[in-house]
Amino acid sequence: MNPLGRRTFVLGGLATIGSALTAGSLAYAAAPFPFKLGVASGEPDASSVVLWTRLAPTPLNADGQGGMANADVAVDWQVSTSSTFGTLVASGTVTARYADAHSVHVVAGGLSPDSDYYYRFRAQGHISPVGRTRTAPATGTFGRDLVMAFASCAHYESGYYTAYRRMAEDNPGLILHLGDYIYEDAATAGSVREHVGSEIVSLADYRRRYALYKSDPDLQAAHAVAPWLVVPDDHEVENNYANMVRNDSSPALTTAQWTQRRTDAYRAYYENMPLRPAQAPVGNSIPLYRRVRWGNLATFHMLDTRQFRNDQACGDGWKVCADADLASRSLPGTAQEAWLLDGLAQHYGTWDILGQQVFFARRFDAAGASSMDAWDGYRASRARIQQGWLDRQVRNPLVLTGDVHAAWANNLKADYANANSATIGTELVCTSITSGGNGTATTTIPDVATNPHLKFYSDRRGYVLTTISQSQVRADFRSVATVTEHGAPVTTLRSYAIADGQPGLQQI
């Protein structure tokens with residue numbers, strides 16, 4: 001890292017976000033403000049964190065370049081223990097490349113464990129908004145209790161991102177996003193707010209769609225308050241795709257065009273997320289499953305349940321399908337299954353947390369049908385993972401899930417066909433940020449007669465706020481009553497505790 005004098009930044013101070021530098025920087029004042037997509041951080045470890053921004057003075061330009069000229073740009077960055085940046089602990093300069101849509105991923109190192117920091121960028125005579133981030137505890141220590149929020153499914157047209165704003169106001173130390181950060185579909189007239197353009201298929205399309213979503217101030221607030229750990233689901237590429245198999249025939253694409261679309265989608269995802277360089281796409285794939293250790297308190301096993309799965313059984317949808325039981329079928333793919341079980345065997349932390357995308361617990365309707373896109377469509381794969389954590393004596397397996405646009409809390413069973421079977425883990429499912437619209441006030445659990453292990457349900461929008469300590473995980477299901485109007489208050493619909501060494505839900 002290169003030392004950077006304070007005067008580089010403090011001439012502009014911490015005045016209004018988006019202000020240009022003055023007093024000696026007037027030559028740059030005519031340059032348009034490039035930080036309209038905000039800032040973000042992610043992937044914390046005990047000594048470093050990723051800092052992200054993307055330069056885009058006119059974010060919605062059709063070429064996906066955000067109004068930037070075809071030239072690389074130097075971007076300065078600073079990290080401090082103070083929001084006034086009186087003393088710097090890390091700083092440097094990075095190049096925002098035109099080829100990468102002027103996105104930057106800075107690995108800011110040399111930081112202290114379990115510590116809070118502030119960061120900001122400077123480019124073209126402007127200072128970015130200030131973000132706050134933190135590092136993980138050191139190996140061998142537990143650190144402070146961790147307040148962690150997780151969310152998914154933020155369809156822009158379905159409503160306003162009030163839930164992101166309320167999440168930021170809850171002041172978490174870490175945020176997990178479990179997929180469907182963007183949606184790929186075309187603009188729909190009459191929506192609460194509309195996408196720009198038709199269904200996205202090219203690199204320029206995906207870049208512009210991320211720019212639309214990231215222009216939202218509530219999403220920017222959630223990124224600026226804490227580091228994120230992210231994994232995509234399907235809509236970051238195309239609805240319900242499975243590995244190289246499309247679930248959709250519109251728009252019509254050749255095999256080569258579909259492969260290119262997937263490649264472009266992964267590239268745009270990396271460009272727009274605070275991921276480490278190790279997660280940069282390689283060819284037409286992206287290495288996203290990974291482990292993030294939070295000292296001895298928790299290990300986050302972040303899964304990819306799209307890129308390596310077998311195609312959905314019986315043509316997808318809700319089905320009674322014998323093929324869903326085939327031992328040859330895997331949702332994460334056999335290599336990722338082995339990687340997960342190997343990591344669970346290490347017992348790195350008190351809590352082993354699986355951050356993943358689709359419904360994990362069994363959910364059959366009265367006719368015995370279930371979702372072929374969820375783990376119910378890959379039942380042998382789920383059984384191998386559950387038996388794997390039993391065999392490896394995993395003390396506290398906790399599955400976190402998105403995708404289904406409703407909140408659920410589920411006990412995981414050794415034998416789902418036997419209501420008296422042992423509870424061997426816990427699943428918390430966040431609802432959507434906006435997808436599905438306002439929802440309803442119902443908390444009646446669907447299909448509970450055939451699935452007594454399902455313990456909570458809500459059809460409202462929101463997120464889950466957890467507090468992770470050595471003795472328990474507390475989960476608060478946070479909800480807003482409306483997303484079709486902006487600014488709704490948040491309420492806690494239900495709270496549960498999961499005690500160390502006692503899998504299953506205890507209502508608070």
Side-chain angles (χ1 to χ4, degrees), residues 1-29 31-57 68 72-97 100 102-136 168 173-175 214 220-228 271-277:
M1 288 175 290
N2 300 319
L4 192 65
R6 283 189 62 220
R7 285 182 59 81
T8 303
F9 281 82
V10 298
L11 289 173
L14 280 175
T16 304
I17 288 175
S19 63
L21 287 176
T22 59
S25 298
L26 295 178
Y28 298 97
F33 182 64
F35 296 108
K36 291 186 178 179
L37 305 184
V39 299
S41 69
E43 303 296 306
D45 64 20
S47 63
S48 68
V49 67
V50 175
L51 310 179
W52 175 94
T53 195
R54 179 181 161 201
L55 309 181
M68 295 293 291
D72 297 345
V73 176
V75 178
D76 301 323
W77 57 272
Q78 291 181 331
V79 178
S80 177
T81 55
S82 167
S83 61
T84 63
F85 291 84
T87 301
L88 301 183
V89 297
S91 60
T93 301
V94 65
T95 299
R97 299 173 61 239
D100 300 327
H102 292 97
S103 61
V104 298
H105 298 75
V106 174
V107 180
L111 308 180
S112 298
D114 197 23
S115 297
D116 299 313
Y117 292 97
Y118 297 87
Y119 64 95
R120 61 183 179 182
F121 300 90
R122 176 186 183 271
Q124 299 183 318
H126 295 273
I127 297 177
S128 76
V130 173
R132 188 185 68 183
T133 191
R134 67 173 293 181
T135 52
L174 184 69
I175 293 173
K214 284 179 168 292
Q220 289 187 18
H223 270 301
V225 77
W228 285 40
E271 288 175 348
N272 285 280
M273 293 293 148
L275 290 162
R276 289 182 180 266

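Since we're looking at a predicted model, the values are computed, not measured. Position 1 is the first residue of the sequence; numbering continues from there.
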With side chain to side chain contact (heavy atoms under 4.5 Å, CB included) as the criterion, how do His223 and Lys214 come out once you've worked through the C-alpha distance, each side chain's angles and the decisive distance to 0.1 Å?
CA-CA 10 Å; His223 270 301; Lys214 284 179 168 292; 3.7 Å; yes
Ring geometry between His126 and Phe33 (parallel below 30°, tilted from 30 to 60°, perpendicular above 60°):
perpendicular
Minimum heavy-atom distance Ala46-Thr135, with the two atoms named:
O-CB, 4.1 Å
Between Thr53 and Gly38, is there a donor-acceptor pair closer than 3.5 Å when you use the side chain of the first and the backbone of the second?
yes
Hey, could you give me the CZ/CD distance between Phe35 and Gln220, rounded to the nearest 0.5 Å?
12.0 Å
Nearest heavy atoms of Ala168 and Ala221, plus distance in Å
CB-O, 3.7 Å
Any non-hydrogen side-chain atom of Leu55 less than 4.5 Å from a side-chain atom of Phe121?
no
Which atom names give the shortest non-hydrogen contact between Ala90 and Gly109, and what distance separates them?
CB-O, 4.1 Å
Between Arg132 and Val225 (side chain of the first, backbone of the second, donor and acceptor by atom type, cut-off under 3.5 Å), is there such a pair?
yes
Please assess Arg134 against Asp114 for the test side chain to side chain contact (heavy atoms under 4.5 Å, CB included), listing each intermediate value before the final yes or no.
CA-CA 7 Å; Arg134 67 173 293 181; Asp114 197 23; 2.7 Å; yes
Evaluate Val89 against Leu111 for side chain to side chain contact (heavy atoms under 4.5 Å, CB included), listing each step before the verdict.
CA-CA 7 Å; Val89 297; Leu111 308 180; 4.1 Å; yes
Side chains of Pro34 and His102 in contact at under 4.5 Å (non-hydrogen atoms):
no
What distance separates Leu37 CG from Ser128 OG, expressed to the nearest 0.5 Å?
12.0 Å
How long is the gap from CD on Glu271 to NE2 on His105, to the nearest 0.5 Å?
8.0 Å
Side chains of Val107 and Pro277, heavy atoms from C-beta outward: is any pair under 4.5 Å?
yes
From CA spacing to verdict: side chain to side chain contact (heavy atoms under 4.5 Å, CB included), Trp77, Tyr119:
CA-CA 7 Å; Trp77 57 272; Tyr119 64 95; over 6 Å; no
Can a donor-acceptor pair be found between the side chains of Ser82 and Thr84 at a distance below 3.5 Å?
yes
All heavy atoms of Val49 vs all of Ser41, minimum pair found to be CG2-CB, 4.2 Å
With heavy-atom distances below 4.5 Å as the criterion, would you say the side chains of Val39 and Trp52 are in contact?
no
Output the distance between atom OG (Ser83) and atom CG (Asp116), rounded to the nearest 0.5 Å.
11.5 Å
Answer yes or no: is there a donor N or O on one side and an acceptor on the other, between the side chain of Trp228 and the main chain of Ala222, under 3.5 Å?
yes
Looking only at atom types and distance, does a side-chain atom of Thr133 sit under 3.5 Å from a main-chain N or O of Tyr117, one as donor and one as acceptor?
no
Minimal heavy-atom distance between Ala123 and Val73, with the atoms involved, is CB-CG1, 4.5 Å
Under a 3.5 Å distance rule, please check whether Arg276 uses its side chain to pair with a backbone N or O of Glu43 as donor and acceptor.
yes
Closest non-hydrogen contact found for Gly86 with Ser80 is N-OG, 4.2 Å
